[in-house]
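Taking it in order: structure first as structure tokens, then the write-up.
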There are 2 protein chains.
Amino acid sequence: MNALFKALNDPTRRAILERLRNGPASAGAIAEQFHFSAPTISHHLDLLRQADLVTSQKQGQFVVYTLNMTVFDELLGWLYQFKS
Amino acid sequence: MNALFKALNDPTRRAILERLRNGPASAGAIAEQFHFSAPTISHHLDLLRQADLVTSQKQGQFVVYTLNMTVFDELLGWLYQFKS
DNA sequence: ACTTTACTTAGACATTTGTCTAATTAACGA
DNA sequence: TCGTTAATTAGACAAATGTCTAAGTAAAGT
């Protein structure tokens, strides 16, 4: 839960998630959209993975990141307790 | 949106929100539950207010904090775009 | 009036965070 | 086998964050 909120607490990481809504993408393809260095994006992807918001598979040279939506259920569950 | 995720990215602040589910409470009453100093809790409450997650009204000596659930709709809306 | 109670503001400080450059690893292509 | 491309790891650094103590403000009690 901590890792989840931590991962979501950054506009770049949220934008990456939104990017991944359109389907899986390689680290490089993701990085192209942002004006940050590759290591920075790599670090963001790492935090997203720690929160289990994305998964990654190595495909040849590339590392393909995929959105994992099941984690959102946890968040929805937490939110739901406030909806009386 | 930034203020919202920022406010949620701390276990103490989330615990305060959960405390407030049981109804409004004064800053002091909230602070009693935690082993942090009053200024620290006051600061957390400030961040929650900045995110509009709580409102505060002064009642005599006391400052009563109330959960504002309407903000969760914004979060639910953001989440919803991922639920294909 | 003075003291106490409730809370916030101000300022300090260690830790965490987001970013960078440089170096490293791994796969591909000629 | 060598150079290129894709990505991560390592290390540095400024900025943001969470905590504290001390000081300030304001309402209530006596």
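The shown structure was predicted, so the numbers you read here are calculated from the model rather than taken from an experiment. By convention in this document, chain letters (A, B, ...) are assigned in the order of the sequence lines, proteins followed by strands, and residues within each chain are numbered from 1. Note that these values count all heavy atoms, side chains included, but never hydrogens, waters or copies made by symmetry.
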Contact under 4.0 Å: [X] side-chain N or O vs [N] OP1/OP2:
{"X": "B:Thr40", "N": "D:dG18", "result": "no"}
{"X": "A:Lys58", "N": "D:dA7", "result": "no"}
{"X": "A:Ser37", "N": "C:dT19", "result": "no"}
{"X": "A:Thr12", "N": "C:dG18", "result": "no"}
{"X": "B:Ser42", "N": "C:dT8", "result": "yes"}

What is the separation between atom [atom1] on [X] and atom [atom2] on [N], rounded to the nearest whole Å?
{"X": "B:Phe34", "N": "D:dG18", "atom1": "CZ", "atom2": "P", "value": "14 Å"}
{"X": "B:Gln59", "N": "D:dA28", "atom1": "CD", "atom2": "P", "value": "11 Å"}
{"X": "B:Phe62", "N": "C:dC7", "atom1": "CZ", "atom2": "C1'", "value": "10 Å"}
{"X": "A:Gln50", "N": "C:dT17", "atom1": "CD", "atom2": "C1'", "value": "13 Å"}
{"X": "A:Ile41", "N": "C:dT21", "atom1": "CD1", "atom2": "P", "value": "13 Å"}
{"X": "A:Asn2", "N": "C:dT17", "atom1": "CG", "atom2": "C1'", "value": "15 Å"}
{"X": "A:Phe36", "N": "D:dA7", "atom1": "CZ", "atom2": "P", "value": "18 Å"}
{"X": "A:Gln57", "N": "C:dA26", "atom1": "CD", "atom2": "P", "value": "19 Å"}

What distance separates [X] [atom1] from [Y] [atom2], expressed to the nearest 0.5 Å?
{"X": "A:Leu75", "Y": "B:Trp78", "atom1": "CG", "atom2": "CH2", "answer": "8.0 Å"}
{"X": "A:His44", "Y": "A:Ile41", "atom1": "NE2", "atom2": "CD1", "answer": "5.5 Å"}
{"X": "B:Leu8", "Y": "B:Leu53", "atom1": "CG", "atom2": "CG", "answer": "5.5 Å"}

Applying a 4.0 Å non-hydrogen cut-off, can you work out what [X] is touching in the nucleic acid: base, sugar-phosphate, or nothing?
{"X": "B:Tyr65", "result": "sugar-phosphate"}
{"X": "B:Leu47", "result": "sugar-phosphate"}
{"X": "B:Asp46", "result": "nothing"}
{"X": "A:His43", "result": "base"}

Report task. Could you pick out which residue, A:Asn9 or A:Ala38, lies toward the 5' side of DNA chain D when each is mapped onto its nearest nucleotide? Result -> A:Ala38
Query raised in the report: Does the distance from a Lys or Arg side-chain N to an Asp or Glu carboxylate O, for B:Asp46 and B:Arg13, drop under 4.0 Å?
Result: no
Query raised in the report: Of all the nucleotides listed (D:dT17, D:dA10, C:dA27), which has the minimum atom distance to the side chain of A:Gln61?
Result: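 Taking heavy atoms from C-beta onward, the closest nucleotide is C:dA27.
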Report task. Name the closest nucleotide to the B:Lys6 side chain, picking from D:dG18, C:dT8, D:dT17. Result -> D:dT17
**Report entry** Donor-acceptor under 3.5 Å (B:Arg21 side chain, A:Gln81 main chain)
**Finding:** yes
